There are 2 protein chains.
Amino acid sequence: MEYNSKQIQIIEVAERLFAQKGFAGTSVRDIAQEADVNVSMISYYFGSKEKLIEALFQFRMTESRSRLETLVTNDELSPMQKINMLIDSVIDRLMGNQSFHNIMLRETLSSDRNETISQHIMGLKMRNIELMQRLIQEGQAAGVFREGIDMSLMSTTLYGTVNYAIATQDFYKKINNLESMGKEEFQIHLKRSLSQHLKSLFKSTVTNEHHIQN
Amino acid sequence: MEYNSKQIQIIEVAERLFAQKGFAGTSVRDIAQEADVNVSMISYYFGSKEKLIEALFQFRMTESRSRLETLVTNDELSPMQKINMLIDSVIDRLMGNQSFHNIMLRETLSSDRNETISQHIMGLKMRNIELMQRLIQEGQAAGVFREGIDMSLMSTTLYGTVNYAIATQDFYKKINNLESMGKEEFQIHLKRSLSQHLKSLFKSTVTNEHHIQN
DNA sequence: ACAAAATTCAAACGATCGTTTGAATTTATC
DNA sequence: GATAAATTCAAACGATCGTTTGAATTTTGT
């Protein structure tokens with residue numbers, strides 16, 4: 001499925017509003033007004049409000065089908081370098097598509113989920129876990145990573161930390177007295193802090209130096 | 001403000017439904033039906049749907065005003081023991097009130113927030129950060145914790161990991177082949193795994209052995 | 001037991017919801 | 001430039017939303 005410029009316009013407005021106010025909290029009239037189109041255009045192009053958010057997911061998911069997969073086959077990088085690149089790529093992806101990942105997290109929090117969306121999210125998570133799995137196993141085979149790493153919890157910490165950092169960025173700004181910082185500048189600062197923080201966390205946990213099994 | 005049993009009944013049903021379907025996605029008629037009361041009782045007791053969720057926050061916030069504060073003044077525990085107790089207390093609190101913390105996270109994700117609720121969340125986060133701040137500083141004064149720890153990011157990892165683990169627990173169950181496990185049993189398993197994972201993470205990061213400042 | 005207060009209820013309020021209609025207009029095709 | 005197809009629009013559809021009404025009922029205080 002490919003979308004024309006008008007459809008993309010509607011999708012992008014919907015994405016912003018869904019992130020701000022939630023799916024149920026956003027009316028199709030809100031979307032139509034901000035996208036500067038007639039209300040009926042949403043049904044006309046997408047069929048329904050439900051189909052619109054499904055289109056949003058398809059739109060965002062297919063565009064980011066990662067070039068990251070090649071990472072694991074690159075032999076010039078050390079396992080630790082690959083992990084660090086994975087961390088930066090997750091930070092960049094989530095920070096660069098904050099609205100969409102906000103919506104994705106909201107959907108994850110809902111127990112009566114749209115089936116199509118659930119499958120998109122499930123597929124994405126599977127691919128993420130498998131990629132990390134391969135990177136870790138490679139490091140273990142090389143003898144630089146310890147055994148017995150809980151893959152899914154490491155992944156949970158990575159995505160959980162970045163998601164939560166983005167969700168509470170206003171609070172982070174206030175706490176660290178960064179309110180004078182411009183919007184762009186702050187995003188870069190947050191990225192850098194997150195990157196350093198997570199790399200440090202992962203390095204200590206993943207390498208086998210002095211790690212205690214309790 | 002204290003609530004009678006009927007009001008508490010409504011609040012608890014509302015909490016469950018808001019967590020399942022979101023605030024905007026839940027109608028007062030949904031709540032009334034599940035709580036087995038007339039629709040008008042919600043306006044009668046709380047004034048409005050908006051005031052109902054505010055009442056929910058006041059109800060849950062005041063009940064958990066932590067006995068944890070005494071932790072920092074307890075001299076019989078080592079700094080690391082206190083950090084570990086803090087971790088377990090966060091896990092217990094979030095796992096034990098999943099619906100409420102689901103709603104709190106949803107509210108955090110919204111940009112047009114209810115003012116009263118925002119202040120509740122802000123106050124809670126402030127108290128949490130300050131408590132962790134004191135524990136870390138104590139460890140630093142004792143010379144067992146390293147300097148230059150990013151407090152707010154450590155807190156972000158703690159709450160981010162636990163929140164995200166709870167949000168994606170179905171996925172965790174599937175990935176780790178724990179689908180045969182009973183509900184209760186799985187909760188205990190997840191708690192234990194999270195506890196071990198986070199304590200290990202924090203220990204490596206917070207102590208000054210072999211830590212590299214990059 | 002009686003009056004006052006608190007609670008419960010079915011019904012209705014106006015507003016807004018997602019969606020559809022059908023005519024008007026623009027764009028594409030030959 | 002005529003015909004067909006695609007798009008745009010104001011208006012209306014029935015359904016559901018949060019809230020209010022006012023009478024009926026139960027509980028409370030004396």
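A, B, ... follow the sequence lines: proteins, then strands. Residue 1 opens every chain. For clarity, every value in this text was computed on a predicted model and none was experimentally measured. No hydrogens, no waters, no symmetry mates; every other heavy atom, side chains included, goes into these values.
In this structure, the CD1 atom of A:Ile10 is 11 Å from the C1' atom of D:dT7, given to the nearest Å. Here D:dT8 presents its C1' atom at 6 Å from CE of A:Met41, a figure rounded to the nearest Å. Rounded to an integer number of Å, the gap from OH of A:Tyr44 to C1' of D:dT7 is 5 Å. What separates CZ of B:Phe46 from P of C:dT8 is a distance of 12 Å, to the nearest Å.
In summary, the side chains of A:Thr156 and B:Thr161 do not present any donor paired with an acceptor at a separation below 3.5 Å, with no hydrogens or angles considered. A donor atom on one side chain and an acceptor atom on the other are not found under 3.5 Å apart for A:Glu107 and A:Asn114. A donor-acceptor contact closer than 3.5 angstrom is absent between the side chains of B:Tyr44 and B:Asn38. The closest side-chain donor-acceptor pair between B:Gln98 and B:Gln169 falls under 3.5 angstrom.
In this structure, A:Phe59 and A:Tyr3 have perpendicular ring planes: the angle between them is above 60°, well past the 30° mark.
The end-to-end axis angle of the helix from C:dA1-D:dT30 to C:dC30-D:dG1, rounded to 10 degrees and based on five pairs per end, is 30°.
Seen from the ring of A:Phe46, A:Lys51 does not count as a face-on cation partner, given the 6.0 Å and 45° thresholds.
The closest side-chain heavy-atom distance from B:Asn128 to B:Ser155 is not below 4.5 Å.
Look at A:Tyr45 and you'll find a side-chain N or O under 4.0 angstrom from OP1 or OP2 of D:dT8. The shortest distance between the side-chain N/O atoms of B:Asn38 and the OP1/OP2 oxygens of C:dT7 is not below 4.0 Å. Listed pair B:Lys6 / C:dT8 meets the phosphate criterion, a side-chain N or O lying under 4.0 Å from OP1 or OP2.
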All N/O contacts under 3.5 Å from nucleotides 15-19 of chain D to the protein, with atom names and distances to one decimal?
{"unit_1": "D:dG18", "atom_1": "OP1", "unit_2": "B:Thr26", "atom_2": "O", "d": "3.4"}
{"unit_1": "D:dG18", "atom_1": "OP1", "unit_2": "B:Lys49", "atom_2": "NZ", "d": "2.8"}
{"unit_1": "D:dG18", "atom_1": "OP2", "unit_2": "B:Val28", "atom_2": "N", "d": "2.8"}
{"unit_1": "D:dG18", "atom_1": "N7", "unit_2": "B:Arg29", "atom_2": "NH1", "d": "2.7"}
{"unit_1": "D:dG18", "atom_1": "O6", "unit_2": "B:Arg29", "atom_2": "NH2", "d": "2.9"}
{"unit_1": "D:dT19", "atom_1": "OP2", "unit_2": "B:Lys49", "atom_2": "N", "d": "2.8"}
{"unit_1": "D:dT19", "atom_1": "O4", "unit_2": "B:Arg29", "atom_2": "NH2", "d": "3.3"}

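The distance between the ring centers of B:Phe57 and B:Phe100 falls below 6.0 angstrom.
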